[in-house]
Protein chains: 2
Amino acid sequence: MENKRGIPIPTIKRFPSYLRLLKVFKEEGREMVSATMLAEELGLKPIQVRKDISFTGLEGKPRVGFEVEKLIDAIISVLGWDNVTDAIIIGAGHLGSALARYEGFGCYGLKIVAAFDTAEEKWGTGIGEVPIYPFDHLRQYIAENHVNIAVLAVPADEAQAVADRLVALGIMAIWNFAPKDIKVPSRVVLQRTDLATSFAVLSARVKRVMESREFSEEDDSW
Amino acid sequence: MENKRGIPIPTIKRFPSYLRLLKVFKEEGREMVSATMLAEELGLKPIQVRKDISFTGLEGKPRVGFEVEKLIDAIISVLGWDNVTDAIIIGAGHLGSALARYEGFGCYGLKIVAAFDTAEEKWGTGIGEVPIYPFDHLRQYIAENHVNIAVLAVPADEAQAVADRLVALGIMAIWNFAPKDIKVPSRVVLQRTDLATSFAVLSARVKRVMESREFSEEDDSW
DNA sequence: TAGATTGTTAATCGATTAACAATC
DNA sequence: TAGATTGTTAATCGATTAACAATC
């Protein structure tokens, strides 16, 4: 049974890694897999993997583990990746285009159906299979195609204004790639993928390693 | 004073948001800012902002807050963004190219100095200012230019092999954008930016909202 | 001065990890 | 059977939050 708060975010974040690995195992014809083995491959602790899996509700067999296929289905199900969801990309610049072409989204049940941009010369063209429309078509497109998710890939200084507009048009979730913290009403799901955040963690860890190396060198002189 | 483990990762992750906002304030000519105000703007709690700032070692003034400029410097310093670090991009596909062109890296003290790709037709060309070299030049380039950080933007099935090679060539940190969990020795800093992880959180939250809406509808019938 | 804000210490909360009985 | 693995319950750990004295 799920707890009131639902599955913990850290667990959710580990699910895609499990899923990728499980798909490899399935390809290899493996039918059962133990938490121990998954943990080994992903550099996690077995108990953590077991705990994570328990949130899917799937039960394993002592001594053998879990059915690969059922585990895949269970994870896909809790993530809500079993139904394809349409999404639009706002901003067809370098990043927006790269995202529009990204094939991995298919695995997540995400389908990019259109891109929108202010640049007139892009209208009517496309990024791979994804057509590019003018900004002004947003309202009509969202209404006609029942799009719930928008991927925001516009410059930082336009992000808030565009988000406001998306919210006004009834968008339910915004995946924000702009390097800007935007505000949306609480009913709208806002997810950030911020390069700065990710790089900050890397920087801090690199800095720590450098400093510990300096210390070791100093220690040598003793 | 820093604790033994260093600054908590959640705090590190919030620093870039503070930094962006502080720069806006600086632009506007504001000299002092309170934790209360930063919290308000970013949707955080004042106490959390104060706690985070305390890790920089900067002291504020009761009633007024912190000096904007000093706070900016303090955050840049703890993140290690005060010195420019050279980095190379491995893989000049759509994502690699978008990353190579990304201007925001400058603010983080990150400079992309070269890209490497296996595709012969790309050699000698460039992405914006960034030259593209063949894979075989990696060893020489890293040795001659003392590059410590590599941005990995290759297909998932090549990621591990390329990472192994980078590690062998003495790379200190790998920023992995490939949708694959790779293994590196513990001395190498590995940072993932995984679209699947980010989207998983979004999906789970969207799913939760949808389910709660279903419940509300059911509730209506009572 | 009065009151907003800081910084510290303690309480709370949530996730991870440990311990261990149940199971095949 | 013996032993590896599961699932649960309790302990630990770390981050967030609350409470409050200190300060300008």
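No hydrogens, no waters, no symmetry mates; every other heavy atom, side chains included, goes into these values. Every chain is numbered from 1 and lettered A, B, ... according to where its sequence line falls, protein lines coming before strand lines.
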What nucleotide, of [options], holds the atom closest to the side chain of [X]?
{"X": "B/Thr11", "options": "D/dA15, D/dT6, D/dT16", "result": "D/dT16"}
{"X": "A/Lys51", "options": "D/dT9, D/dA18, D/dT16", "result": "D/dT9"}
{"X": "A/Ile47", "options": "C/dA18, D/dA15, D/dA18", "result": "C/dA18"}

Inset, instruction - State whether A/Arg50 places a side-chain N or O below 4.0 Å from either non-bridging phosphate oxygen (OP1 or OP2) of D/dT9. - result: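 It does not, given that no N or O in the side chain of A/Arg50 lies less than 4.0 Å from OP1 or OP2 of D/dT9.
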Legend entry - Neighbours of DNA chain C within residues 58-72 of chain A, by heavy-atom distance under 4.0 Å: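 Output list: A/Pro62, A/Arg63.
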Output the rounded distance in Å from [atom1] ([X]) to [atom2] ([N]).
{"X": "B/Gln48", "N": "C/dC13", "atom1": "CD", "atom2": "P", "answer": "16 Å"}
{"X": "B/Lys13", "N": "D/dT16", "atom1": "NZ", "atom2": "P", "answer": "11 Å"}
{"X": "A/Lys45", "N": "D/dT5", "atom1": "NZ", "atom2": "P", "answer": "18 Å"}
{"X": "B/Phe55", "N": "C/dG7", "atom1": "CZ", "atom2": "C1'", "answer": "13 Å"}
{"X": "B/Asp52", "N": "D/dT17", "atom1": "CG", "atom2": "P", "answer": "10 Å"}

Legend entry - Between B/Asp52 and B/Gln48: side-chain donor-acceptor atoms closer than 3.5 Å: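 The criterion, which ignores hydrogens and geometry beyond distance, is not satisfied for B/Gln48 and B/Asp52.
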Inset, instruction - Could you check which nucleotide pairs with C/dT12 in any of the strands shown, counting Watson-Crick or G-U wobble with both distances under 3.5 Å? - result: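 C/dT12 is paired, partner D/dA15.
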Legend entry - Complementary nucleotide for C/dC24 - Watson-Crick or wobble, under 3.5 Å: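 Check on C/dC24: paired to D/dG3, both distances under 3.5 Å.
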Distance in Å, [X] [atom1] paired with [Y] [atom2], rounded so as to fall on 0.5 Å steps:
{"X": "B/Leu42", "Y": "B/Leu21", "atom1": "CG", "atom2": "CG", "value": "5.0 Å"}
{"X": "B/Thr11", "Y": "B/Ile53", "atom1": "OG1", "atom2": "CD1", "value": "11.0 Å"}
{"X": "A/Leu166", "Y": "A/Ile142", "atom1": "CG", "atom2": "CD1", "value": "5.5 Å"}

Inset, instruction - Using heavy atoms and a sub-4.0 Å distance, could you list which residues of residues 31-44 of chain B are near DNA chain D? By number, please. - result: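 Hits under 4.0 Å, by residue number: none.
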Inset, instruction - Decide, yes or no, whether a salt bridge links A/Glu27 with A/Lys23 under the criterion of side-chain N to carboxylate O below 4.0 Å. - result: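 Result for this pair is no, no salt bridge flagged.
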Legend entry - Basic-acidic side-chain contact under 4.0 Å: A/Arg192, A/Asp181: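 Between A/Asp181 and A/Arg192 there is a salt bridge, with a charged N closer than 4.0 Å to a carboxylate O.
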Legend entry - N/O donor-acceptor pair under 3.5 Å between B/Asp194 side chain and B/Ala196 backbone: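 Judged by distance alone, yes, a pair lies under 3.5 Å.
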Inset, instruction - Indicate the ring-plane relationship of B/Tyr102 and B/Tyr108, choosing parallel, tilted or perpendicular according to the 30° and 60° boundaries. - result: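 Because their plane-to-plane angle lies in the 30° to 60° range, the rings of B/Tyr102 and B/Tyr108 count as tilted.
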Legend entry - Result of checking A/Ile112, A/Leu95, A/Val113, A/Val154 against A/Ile89 for side-chain contact (heavy atoms from CB on, under 4.5 Å):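 Of all the options given, the one that passes is A/Ile112.
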